[in-house]
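Treat the numbers as computed from the prediction; the structure is a model and nothing was measured.
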Amino acid sequence: LASHRLYKTWSNMIRRCSNPKNKDYKDYGERGIKVCDEWLDINNFINDMYPSFVEGLTLDRENHLGNYEKSNCRWVNRITQAENTRKIRENNTSGFRGCCWHKKSNKWMAQIAVDKKHIYIGLFDNALDGAKAYDNYIIKNNLEHTKNF
């Protein structure tokens, strides 16, 4: 099955969750992210995921804290993949997604990017309130983004 179009996806998923020498292991296996027992057999992975496979999409875990299993995985484009991440930018000053310091107003500003457009959510006295507003916006608009809480 090494020539099957999903083999590379399957193989990379297995390696980043189980091989401490893999460059991505720290973000997966080391954090406790596992591949379900059924998917350790590539035949089961292909049976579960190939029917919904679309060329150009990548495998994504809907809950970025959850394991690789049929109920938590889907095929998505790179924009959705980027929105569903636990990583916060290195230059983040608030410690929360979607919340940054707004110098002109001397307040914390909540904003979100949807389809490559920045949407202003509001100004807040503290970063925690901005983070909560960000999460509420995601919930209210049924977005795929990763929430803070």
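- The CE atom of Met49 sits 10.0 Å away from the CZ atom of Phe53 when rounded to the nearest 0.5 Å.
- The side-chain hydrogen bond (donor to acceptor under 3.5 Å, both in side chains) test applied to Asp129 returns Asn126, not counting sequence neighbours.
- Distance check, rounded to the nearest 0.5 Å: OH of Tyr25 to OG of Ser18 gives 8.0 Å.
- Take Thr58 and apply the side-chain hydrogen bond (donor to acceptor under 3.5 Å, both in side chains) test, not counting sequence neighbours, and it matches Gln81.
- Considering Asn44, Asp48, Asn47 in turn, Asp48 is the only one that fulfils the side chain to side chain donor-acceptor pair (under 3.5 Å) rule with Trp39.
- His145 is listed as a side-chain neighbour of Tyr134, based on a closest heavy-atom distance under 4.5 Å.
- In this structure, CG in Leu1 is found 12.0 Å from OG in Ser11, a value given to the nearest 0.5 Å.
- The ring-ring contact (aromatic ring centres under 6.0 Å, His included) test applied to His102 returns no partner, not counting sequence neighbours.
- Phe45 places none of its side-chain heavy atoms less than 4.5 Å from the side chain of Leu40.
- In the hydrophobic clustering (ILVMFWY side chains linked at under 4.5 Å, chained through shared members), Leu128 is joined by Phe96, Phe149.
- Both Ile46 and Ile14 are assigned to one and the same hydrophobic cluster, defined by single-linkage of ILVMFWY side chains at heavy-atom distances under 4.5 Å.
- When atom types are taken as modelled, the side chain of Arg16 and the backbone of Asp24 share no donor-acceptor pair closer than 3.5 angstrom.
- Under the 4.5 Å side-chain criterion, counting only non-hydrogen atoms from C-beta, Arg61 is in contact with Ile33.
- Heavy-atom minimum distance, Arg15 versus Asn12: NH1-OD1, 3.1 Å.
- By the 4.5 Å heavy-atom criterion applied to side chains, Arg74 and Thr80 are counted as neighbours.
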Can you list, pair by pair, the side-chain donor-acceptor contacts under 3.5 Å of residues 107-125, counting residues two or more places apart and other chains?
{"from": "Lys107", "atom 1": "NZ", "to": "Asp125", "atom 2": "OD1", "distance (Å)": "2.5"}
{"from": "Tyr120", "atom 1": "OH", "to": "Leu123", "atom 2": "N", "distance (Å)": "3.4"}

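- Partners of Asn92 according to the side-chain hydrogen bond (donor to acceptor under 3.5 Å, both in side chains) rule, which considers only residues two or more places apart in sequence or in another chain, are Ser94.
- Of the possible donor and acceptor atoms, one in the side chain of Asp41 sits under 3.5 Å from a partner among the backbone N and O of Asn43.
- Without hydrogens or angle criteria, Asn67 side chain to Lys34 main chain gives a donor-acceptor distance under 3.5 Å.
- The shortest distance between side-chain heavy atoms of Tyr28 and Met13 does not fall below 4.5 Å.
- The shortest distance between side-chain heavy atoms of Tyr50 and Leu6 falls below 4.5 Å.
- In this pair, Trp10 and Tyr7 present their aromatic rings tilted. The plane angle is within the 30 to 60° band.
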Item to complete: Walk me through it: do Asn148 and Asp135 pass the test side-chain hydrogen bond (donor to acceptor under 3.5 Å, both in side chains)?
Response: CA-CA 6 Å; Asn148 287 296; Asp135 285 1; 3.3 Å; yes
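- Between Val76 and Leu57, every side-chain heavy-atom pair lies at or beyond the 4.5 Å cut-off.
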